[in-house]
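Below is one structure, written out as structure tokens, with a few remarks after it.
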2 protein chains.
Amino acid sequence: MTFDEALGVLKKRGQKMTPQRSTVLRTLMESSRPMTAQEVYREVTKVHPHVSLDTVYRNLTLLTDVGLVHQSNLQNRDVARFEFQGDEHRHYAICLNCHKSIRLDWCPVETKLMTQALRKQFSIVKHAFEVYGYCAECRFLRSASA
Amino acid sequence: MTFDEALGVLKKRGQKMTPQRSTVLRTLMESSRPMTAQEVYREVTKVHPHVSLDTVYRNLTLLTDVGLVHQSNLQNRDVARFEFQGDEHRHYAICLNCHKSIRLDWCPVETKLMTQALRKQFSIVKHAFEVYGYCAECRFLRSASA
DNA sequence: CTATATGCAAATGCTTTGCAAATCC
DNA sequence: GGATTTGCAAAGCATTTGCATATAG
């Protein structure tokens, strides 16, 4: 999805386009991994030194509501993370040691096996799927030290 | 899993069994749905009026670490929820309107399609999977009012 | 007897909100 | 011009932590 297409989605909903909002959106679009609100804030600050953190939060929430952005929570009581999803989205395996995100090319909700039964009694809006464990490197380090 | 078997898991790790801890464990074992820390606290209070909320939190964390309890976060920036899982665990579809949890009889990580590729580069410790949307009743109400 | 667990109270840190001023369309 | 958005500051709220005391094994 292009930046202009994303803008179209916002305009269709009667949302205005401010410099701050467009920078938040662009930041997420250019990122290759899910970002925390703080990380987005830091990036946006480079362009607009006067943004406030709450503006970033408000925009992240708006973009998520509109469906342009996907929010994921680490199960480990960690902070929320946001990523641009456009038309397709991703899931991640997250290392409990180094916190690296490894992208999965698989989505449980696209599995017929699961959806067939569920869709009859439930209309799916969104979903969360995350795997936690140890990446190859950290697994190696752990087995070495044990 | 019986209560005594669960105790065995704790003893094996050198954990002590206190009245508070055993009540937290029993509460989760007897619950048919995931509970928030506050809900557990309220239940435990009925038996031990003097428990503190942080003791409940500490025990929930311990039981989760040990693997007896499964923690789920609602993606909607809601509070964490805990449920006894014993040997098998569950996933839920959560209604965005009435917040009802509908149990799924399906787990993405038990799908060979997904695990084959992942296990080569990652050792899975736990995972989170939740579906959000509208249950049959709330879907009906929404379409009626629209 | 010693490690573990508890209670209390205070702190932490992410996220949200009220309000007046600024700004987009 | 009128609704939306921003910035500031303060509040909210789930969760965590330090520390002295109590308790399990």
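Please read these numbers as outputs of a predicted model, since none were measured by experiment. Letters A, B, ... mirror the listed sequences (proteins, then strands); counts begin at 1.
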Send over the distance from B:Tyr57 OH to D:dC13 C1', rounded to a whole Å.
9 Å
Taking the six-membered ring where the residue is Trp, are the ring centres of B:His127 and B:His89 under 6.0 Å apart?
yes
side-chain contact (heavy atoms from CB on, under 4.5 Å) filter on A:Thr111, not counting sequence neighbours, yields A:Trp106, A:Leu113, B:Trp106
Decide side chain to side chain contact (heavy atoms under 4.5 Å, CB included) for A:Arg90 and A:Glu83; before the verdict, give the C-alpha distance in whole Å, the side-chain angles of both, and the deciding distance to 0.1 Å.
CA-CA 9 Å; A:Arg90 300 129 204 170; A:Glu83 69 182 313; 3.6 Å; yes
Between D:dA14 (C1') and B:Gln71 (CD): distance, integer Å
12 Å
Any side-chain heavy atom of B:Gln20 sitting closer than 4.5 Å to one from B:Val47?
no
For DNA chain D, the residues among residues 44-53 of chain A that have a non-hydrogen atom under 4.0 Å from it
A:His50, A:Val51, A:Ser52
Whole angstrom value for the distance that separates P of D:dA3 from CZ of A:Arg13:
18 Å
Check ion pair B:Glu43-B:Arg26 (N to O, under 4.0 angstrom)
no
With clusters defined by side-chain heavy atoms of hydrophobic residues (ILVMFWY) lying less than 4.5 Å apart, directly or transitively, does B:Leu10 cluster with B:Met1?
yes
Gap between atoms CZ and C1', on A:Arg21 and D:dG7 respectively (whole Å)
15 Å
Would you kindly give the CG-to-C1' distance between A:Leu62 and C:dC24, to the nearest whole Å?
14 Å
Whole angstrom value for the distance that separates C1' of C:dT15 from CD of A:Glu39
16 Å
Which parts of nucleotides 17-25 of chain D does protein reach within less than 4.0 Å, heavy atoms only, written one letter per nucleotide 5' to 3' as B for base, S for sugar-phosphate only and - for none?
BB-----BS
Counting side-chain heavy atoms from C-beta on, which of C:dT6, C:dT15, C:dT16 comes nearest to A:Ala37?
C:dT15
Assess the side chains of A:Thr55 and A:Ser52: does a donor N or O sit below 3.5 Å from an acceptor N or O?
yes
Without decimals, in angstroms, what is the distance between A:Asn59 CG and C:dT17 P?
15 Å
Per nearest nucleotide of DNA chain C, the residue lying toward the 5' end, A:Gln20 or B:Gln20, is B:Gln20
Length of the line joining A:Tyr41:OH and D:dG7:C1', which is rounded to integer Å:
10 Å
So, A:His48 and A:Thr23: side-chain donor and acceptor under 3.5 Å apart, yes or no?
yes
For the residue pair B:Tyr132 / B:Glu130, report whether a side-chain donor-acceptor contact shorter than 3.5 Å exists.
yes
